[in-house]
Amino acid sequence: MKRVVSMLLVSMMVIGLLAGCGGSKSEGEGNGNASSAAKEEKVKLKFWTISLQPTFNGYFEKLIAEFEGQHPNVKIEWKDYPYDAIQNKLLTSIASGQAPDVINLNTEMANQMGTKNAMVDFNTELTDKQKAMYFSGLYNSTVIDGKAYALPWYTGLPVLFMNKELIEKAGLDISNPPKTNEEYNAWAKQIKEKTGKAGYTIKADAELFVAEGVPLLTEDKSAPAFNIPETEKILGDYVQMIKDGFIPKEDAIYTKQIQFYSSEQVAMTVSTSSFINQLKTSSQDVYAKTVAVPAPVGKGNVRFSSTMNIGVPSATKHKAQAIEFALFVTNAANQLQFSKKANTLPSTVDSVKDSFFTEDDGTLEAKAKVASAQSLDKARDFLLGVENANDIRDALTKRLQSVFLNYSDIGKELKAAEKDVNTIMSR
């Protein structure tokens, strides 16, 4: 479990539930048919999650007992599977007529299953009030062609970590951090000029241009859409910043990111809360100098999250009850309680109003948690909603590495990347 939750830790922090698990009836209930149907038949719902046992057995046992207490005719059978096995297990179960009724999937999996008509469309099942319980960017991350294939559950967001000493040495105001990528780049330039240190690290990833509003694929997801002049300019600007020393000339994979920041070769970096423990191990001195704030955003006005969702396979024989349970698992009260257990972020608007996400005790951990919670209004998953999505991202990363590390011709690399993606999508 720790591998999955740590992936999602934001400065990451996540999920929620206030006291009174289950929340109000209006918040946790499904559509009208769910309540009436629940009174008429005895049903068993199969509920599958990803890598949550045994760490959270106590939480889910209590959650399930409460739901069953409110719905005496419903019995929940909970099973947990490894992250790498869940999608194939679901496909096999659907083919054999043994599909679960409620399932935990990441956003990419939920969308891929949805486009196979394998998931219930929540947009046709929920009221506007029920949809509004969730942050819109996270809810809409599983919406394709107007259909919502899952409810967002726990998530994680990166935040901006800054070395207070270097920031102040550069003559910058730590209390007024950069809010846009344009300001972020200006800070990096001033830091280099005033301190001799680089501004921040970057990772060769398609997020760099998607964050600026450049589409990765066409609207119908049939072809690549990123090979445009705007992308070439964005990448060209990054290359120039690398040449000027504002950004280190290395692909800042996680270990490199920690190395650069903890050795004070850079003054800022965007990362998740799991970065904090690594920083404390690498350099207690730099840890003590570090503050955390919401990460800057590009022209796309978005922060990319990593979200786990709850979906209902369309093969369920108990759709009404399954939807009702999915709403119960993801309501604000239950998400808040899970966040406190798992140190993750909730996808529900009311959860982050709790003092757990608003109080800053002065520690870096608390600052990162507060910053990540404040970032949820611009959160959405980075996803493609197509087969071989990971292969597409990997192909783009290789081309971007060539641009950043070897100063390869950007136009040629984008053209080659476009060809790579077309080949992958035609498989």
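As a basis for the values below, the full set of heavy atoms in this structure was taken, side chains included, without hydrogen atoms, waters or symmetry mates. Sequential numbering from 1 along the given sequence is applied to the chain's residues.
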Check your understanding: Any sub-3.5 Å donor-acceptor pair from Glu212's side-chain atoms to Lys299's backbone N or O?
Key -> yes

Review point. Going by atom types alone, do Lys340 and Asn343 pair a side-chain donor with an acceptor below 3.5 Å?
Key: no

Check your understanding: Do we see a donor-acceptor contact under 3.5 Å between the side chains of Gln321 and Asp101?
Key -> no

Review point. What heavy-atom pair brings Phe122 and Ile310 nearest, and what distance separates the two atoms?
Key: CE1-O, 4.0 Å

Study note, to complete from the structure: Rounding to 0.5 Å, atoms OG (Ser222) and CG (Leu217) come to a distance of 8.5 Å

**Study point:** Geometric class of the Phe209/Phe226 ring pair [parallel <30°, tilted 30-60°, perpendicular >60°]
**Key:** tilted

Exercise for review: Compute whether any side-chain donor of one residue and acceptor of the other, for Asp80 and Gln53, lie under 3.5 angstrom apart.
Suggested key: no

Check your understanding: Quick check: are there more than 12 heavy atoms from other residues, nucleotides or ligands sitting under 6.0 Å from NZ of Lys289?
Key -> yes

Review point. Can a donor-acceptor pair be found between the side chains of Tyr261 and Thr290 at a distance below 3.5 Å?
Key: yes

Practice item. Carefully, step by step, assess Glu165 and Val286 under the rule side-chain contact (heavy atoms from CB on, under 4.5 Å). Key: CA-CA 9 Å; Glu165 185 177 282; Val286 176; over 6 Å; no

Check your understanding: Quick one: OG on Ser351 to OH on Tyr134, what's the gap to the nearest 0.5 Å?
Key -> 10.0 Å

**Study point:** side chain to side chain donor-acceptor pair (under 3.5 Å) between Asn406 and Ser408, intermediate numbers included
**Key:** CA-CA 5 Å; Asn406 305 323; Ser408 300; 4.6 Å; no

Exercise for review: Could you walk me through whether Tyr81 and Asn104 pass side chain to side chain donor-acceptor pair (under 3.5 Å), step by step?
Suggested key: CA-CA 10 Å; Tyr81 295 97; Asn104 165 203; over 6 Å; no

Point to revise | NZ/NE/NH1/NH2 to OD/OE distance under 4.0 Å, Lys398 and Asp394 | key: no

Check your understanding: Quick one: does Ser136's side chain have a donor or acceptor within less than 3.5 Å of a partner on Ala132's backbone?
Key -> no

Review point. Going by heavy atoms in the side chains, are Leu126 and Leu151 under 4.5 Å from each other?
Key: yes

**Study point:** Neighbour count above 12 (heavy atom, 6.0 Å) for Gln265 CD
**Key:** yes

Check your understanding: Mind checking whether Leu400 and Asp251 have side chains closer than 4.5 Å, heavy atoms only?
Key -> no

Practice item. Could you verify whether a donor N or O on one side chain and an acceptor N or O on the other, from Ser175 and Asp173, lie under 3.5 Å apart? Key: yes

Point to revise | Between CD1 on residue Ile86 and OG on residue Ser93, distance to nearest 0.5 Å | key: 8.5 Å

Review point. Where do Leu376 and Pro346 come nearest, in terms of heavy atoms and distance?
Key: CD1-O, 3.5 Å

Review point. Can you tell me if Ser305 and Asp381 form a side-chain donor-acceptor pair at under 3.5 Å?
Key: yes

**Study point:** Heavy-atom side-chain contact between Val329 and Leu63 under 4.5 Å
**Key:** yes

**Study point:** Check: Lys46 side chain, Val102 main-chain N or O, donor-acceptor pair, under 3.5 Å
**Key:** no

Exercise for review: In sequence, state the C-alpha distance, the side-chain angles, and the governing distance for Met109 and Ile103, and then conclude on side-chain contact (heavy atoms from CB on, under 4.5 Å).
Suggested key: CA-CA 11 Å; Met109 288 186 217; Ile103 187 167; over 6 Å; no

**Study point:** Ser271 side chain vs Phe275 backbone, donor-acceptor pair below 3.5 Å
**Key:** no

Practice item. Measure across Lys369 and Ser372 and return the closest heavy-atom pair with its distance rounded to 0.1 Å. Key: O-OG, 2.8 Å

Check your understanding: How many angstroms lie between CD in Glu108 and CD in Gln87, if you round to the nearest 0.5 Å?
Key -> 9.0 Å

Review point. How many angstroms lie between OG in Ser274 and CG in Leu279, if you round to the nearest 0.5 Å?
Key: 11.5 Å

Review point. Can we say Lys164 and Glu168 salt-bridge, meaning some charged N sits less than 4.0 Å from an Asp/Glu carboxylate O?
Key: yes

Exercise for review: Please report the shortest heavy-atom distance between Asp391 and Arg427, naming the atom on each side.
Suggested key: OD2-NH1, 3.4 Å

Exercise for review: Walk me through it: do Val143 and Tyr149 pass the test side-chain contact (heavy atoms from CB on, under 4.5 Å)?
Suggested key: CA-CA 6 Å; Val143 173; Tyr149 293 125; over 6 Å; no

Point to revise | Thr348 versus Asp350, side-chain donor and acceptor atoms under 3.5 Å | key: no

Review point. For the side chain of Thr180 and the backbone of Glu183, is there at least one donor-acceptor N/O pair under 3.5 Å apart?
Key: yes

Review point. Can a salt bridge be assigned to the pair Arg399 and Glu418 using a cut-off of 4.0 Å between side-chain N and carboxylate O?
Key: no

Exercise for review: Side-chain contact test, heavy atoms from C-beta onward, threshold under 4.5 Å: evaluate it for Met268 versus Phe161 and give yes or no.
Suggested key: no

Revision key, fill the gap. Taken to the nearest 0.5 Å, the spacing of Thr255 OG1 from Phe260 CZ works out to 10.0 Å

Exercise for review: Check the pair Ser282 / Tyr287 against side chain to side chain donor-acceptor pair (under 3.5 Å), numbers first and verdict last.
Suggested key: CA-CA 9 Å; Ser282 300; Tyr287 164 79; over 6 Å; no

Check your understanding: Any chance NZ of Lys147 has more than 12 other-residue heavy atoms, nucleotides or ligands included, within less than 6.0 Å?
Key -> no

Check your understanding: Side chains of Gln98 and Ser96: donor-acceptor distance under 3.5 Å anywhere?
Key -> no

**Study point:** pair Pro296-Lys179: side-chain heavy atoms closer than 4.5 Å
**Key:** no

Check your understanding: Would a 4.5 Å heavy-atom cut-off, applied to side chains only, mark Tyr184 and Leu160 as touching?
Key -> yes

Point to revise | Backbone of Gly171 reached by a side-chain donor or acceptor of Lys194 within 3.5 Å | key: no

Study note, to complete from the structure: In terms of heavy-atom contacts, Asp121 and Ala148 come closest through OD1-N, 2.8 Å

**Study point:** Polar contact flag, side-chain donor to acceptor under 3.5 angstrom, Thr307-Trp153
**Key:** no

Exercise for review: Flag yes if more than 12 heavy atoms outside Asn422 fall under 6.0 Å of its CG atom; otherwise flag no.
Suggested key: yes

Practice item. Could you tell me whether the side chain of Trp48 reaches within less than 4.5 Å of the side chain of Lys89, counting heavy atoms only? Key: yes

Review point. Do Asn106 and Ser306 come close enough that some side-chain heavy atom pair is under 4.5 Å?
Key: no

Check your understanding: If we ignore angles and hydrogens, is there a donor and acceptor under 3.5 Å between the side chains of Asp244 and Gln240?
Key -> yes

Only distances under 3.5 Å count here; give the side-chain donor-acceptor pairs of residues 196-206 to other protein atoms, sequence neighbours excluded, each with its distance to 0.1 Å.
| residue | atom | partner | partner atom | Å |
| --- | --- | --- | --- | --- |
| Lys197 | NZ | Glu264 | O | 3.4 |
| Tyr200 | OH | Asn185 | OD1 | 2.4 |
| Thr201 | OG1 | Thr269 | OG1 | 2.9 |
| Asp205 | OD1 | Glu207 | N | 2.9 |
| Asp205 | OD1 | Arg393 | NH2 | 2.7 |
| Asp205 | OD2 | Arg393 | NH2 | 3.1 |

Exercise for review: Examine the side chains of Ser262 and Ser283 and answer whether a donor and an acceptor come within less than 3.5 Å of each other.
Suggested key: no

Review point. What orientation do Phe47 and Phe60 show, parallel under 30°, tilted 30 to 60°, or perpendicular over 60°?
Key: tilted

Check your understanding: Under the side chain to side chain donor-acceptor pair (under 3.5 Å) criterion, do Asn309 and Thr107 qualify, and how do the steps go?
Key -> CA-CA 6 Å; Asn309 306 273; Thr107 302; 3.0 Å; yes

Review point. If you look at every heavy atom in Val293 and Val159, which pair is closest and at what distance?
Key: O-CB, 3.4 Å

